[in-house]
There are 2 protein chains.
Amino acid sequence: MLDSKTQNLLLQHYPMLRELPASQLDALLANATAMRLPAGTVVFDENQPCQGFPLLLSGSIRIVKAAANGRELQLYRVSPGESCILTSSCLLGHAQYHARGVAEQDVELVALPPLAFRMLLSSHEPFRDYIFSLFSERLTDLMQLVSAVAFQKLDQRLAALLLAKPNPIQTTHQALADELGSVREIVSRLLKNFAEQGWVKLGREQIEVVNAAALKKLSEL
Amino acid sequence: MLDSKTQNLLLQHYPMLRELPASQLDALLANATAMRLPAGTVVFDENQPCQGFPLLLSGSIRIVKAAANGRELQLYRVSPGESCILTSSCLLGHAQYHARGVAEQDVELVALPPLAFRMLLSSHEPFRDYIFSLFSERLTDLMQLVSAVAFQKLDQRLAALLLAKPNPIQTTHQALADELGSVREIVSRLLKNFAEQGWVKLGREQIEVVNAAALKKLSEL
DNA sequence: TTCTCTATGTGATTTTTATCACAGACAAAC
DNA sequence: GTTTGTCTGTGATAAAAATCACATAGAGAA
């Protein structure tokens, strides 16, 4: 059972649930479990079965593929209100995850048991539409990502990544490499190039974009 | 309106439609259009709006991302009974395609108008389950593909590709390159290596795998 | 047969990315 | 202040993939 503060947060981030009849909503909340996970927690991992469907309330989760040699690549990021479509996939079809989910910051979430998720999906059209639209968005994102990994050079992808983050950017070169699926040294060198061009200013765990237009041009080349 | 042979094919490949009440099925068929597309037809392309939802009856469609310099990469292949999940995505959310669909062989399909598709999706649970499971499968495939493109060497991916095709393989090196997102010369050289190891036998437009185990080992390295 | 078109083979070179091996730099803890 | 740990810079080298430039070869058409 959820406390009323959590309930409010839930309905705020997942407004489609408001359209549920009161009795169904109550039943849903009765089954749900609130959880808090500290930053860095591995929420789920490859080849594990799914436990339940997470509705994210705060924080964010990175969904990554890890390679044997320690490199990793971020597939996408899940924010509050976005839920985790990978889990839907798990719950609906195959029984296992095909990627790893890591809490990026401290995370609050509400977990729906598989049955409750299925019920909701089959009986509640707004929720269903919501899940479909998430699926659709992820599919698009992933196709974009495949294309970028296959055809773009790392400097272009790095430029795009820098532009996608709030300026100034607080992160390490290693974290950027992990997001791009590359290694720290390369990212450092590319950033140095950008800095020499006067496009960014570098500091420890900080990157300030000063010429977004140039980065954009490079990324779209 | 569809002729009875087409109807039969349709129900054979999409058995979940049999569970529709007769009246709804009739309405659906009345709205649907049968189409035949010769091999090589661009069924849809990037940045085009969707016309309708295709239910594939025969042939297959390659879904590819094309790069500016002419290179391309196959995202997945749609076979009869599989429909095209990318179109679902288009019809449900965003209005535009994010990839290209090309008929690989001659294709027969039945096209559902967007409204009929939405109706079917919201009113008919078996069809919905089917679409969800397709989404889920594609998502998994794409995650696998991203990971392969990011972390595997081309020889590994080529080996896996050869194993995934019926033996002996009738294709050109260029077609393989297009499937992998690489270029012809590299594929030729890698194939030559495989041949020197005694793993395959090469002919014009033909590759015979003679040591599947070795290829498998390489691909799983 | 000869011509033509497409498919394949291949060397040379370049570009891009990864790997290895440290050195210096900064921040927080002691 | 010194120590410790993380973060960053960087040269040297290697590995992988792409590009360029042709050569050859087979299959079908004229």
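Every chain is numbered from 1 and lettered A, B, ... according to where its sequence line falls, protein lines coming before strand lines.
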Would you indicate which nucleotide in dT6(D), dT8(C), dT8(D) comes nearest to any side-chain atom of S188(A)?
dT8(D)
Examine distances only and state if a side-chain atom of S83(A) and a backbone atom of P54(A) form a donor-acceptor pair shorter than 3.5 Å.
yes
Write down the distance between CG (L73(A)) and P (dA18(C)), rounded to a whole number of angstrom.
11 Å
Round to the nearest Å and state the distance from K201(B) atom NZ to dT8(C) atom P.
18 Å
Take E196(B) and R204(A), find for each the nucleotide of DNA chain C with the closest heavy atom, and name the residue whose nucleotide sits nearer the 5' end.
E196(B)
If you compare every side-chain N and O of K192(B) against the phosphate oxygens of dT8(C) (OP1, OP2), does one of them come in below 4.0 Å?
no
Please check this pair: side chain of Q156(B) against backbone of L221(B), looking for a donor-acceptor N/O pair closer than 3.5 Å.
yes
Aromatic ring centroids of Y14(A) and F127(A) under 6.0 Å?
no
Expressed as a whole number of angstroms, how long is the span from D178(A):CG to dT8(D):P?
12 Å
May I have the distance from L191(B) (atom CG) to dT8(C) (atom P), rounded to whole angstrom?
9 Å
So Q174(B) and R184(B), side-chain hydrogen bond (donor to acceptor under 3.5 Å, both in side chains) or not? Walk me through it.
CA-CA 5 Å; Q174(B) 182 64 58; R184(B) 203 253 323 157; 5.1 Å; no
Please determine if a side-chain N or O atom of H173(B) lies less than 4.0 Å away from the OP1 or OP2 oxygen of dT6(C).
no
For atom CD of Q174(A) and atom P of dG9(D), their distance in whole Å
13 Å
Any donor-acceptor pair under 3.5 Å from E108(B) side chain to M35(B) backbone
no
Atom CD of E205(A) and atom P of dG5(D): how far apart are they, to the nearest Å?
17 Å
Got a list of protein N/O to nucleotides 16-19 of chain D N/O distances below 3.5 Å?
{"unit_1": "dA16(D)", "atom_1": "OP1", "unit_2": "K153(B)", "atom_2": "NZ", "d": "2.7"}
{"unit_1": "dA17(D)", "atom_1": "OP1", "unit_2": "L154(B)", "atom_2": "N", "d": "2.9"}
{"unit_1": "dA18(D)", "atom_1": "OP1", "unit_2": "R71(B)", "atom_2": "NH2", "d": "2.7"}
{"unit_1": "dA18(D)", "atom_1": "OP2", "unit_2": "S182(B)", "atom_2": "OG", "d": "2.6"}
{"unit_1": "dT19(D)", "atom_1": "O4", "unit_2": "R189(B)", "atom_2": "NH2", "d": "2.8"}

Please check if the number of heavy atoms outside R77(A) that lie under 6.0 Å from its CZ is greater than 12.
yes
Judged by modelled atom types alone, do E104(A) and S60(A) share a side-chain donor-acceptor pair under 3.5 Å?
yes
Separation of dA18(C) atom C1' from L158(A) atom CG, nearest Å, is 16 Å
Rounded to whole angstrom units, what separation is found between the CZ atom of R184(B) and the C1' atom of dT24(D)?
12 Å
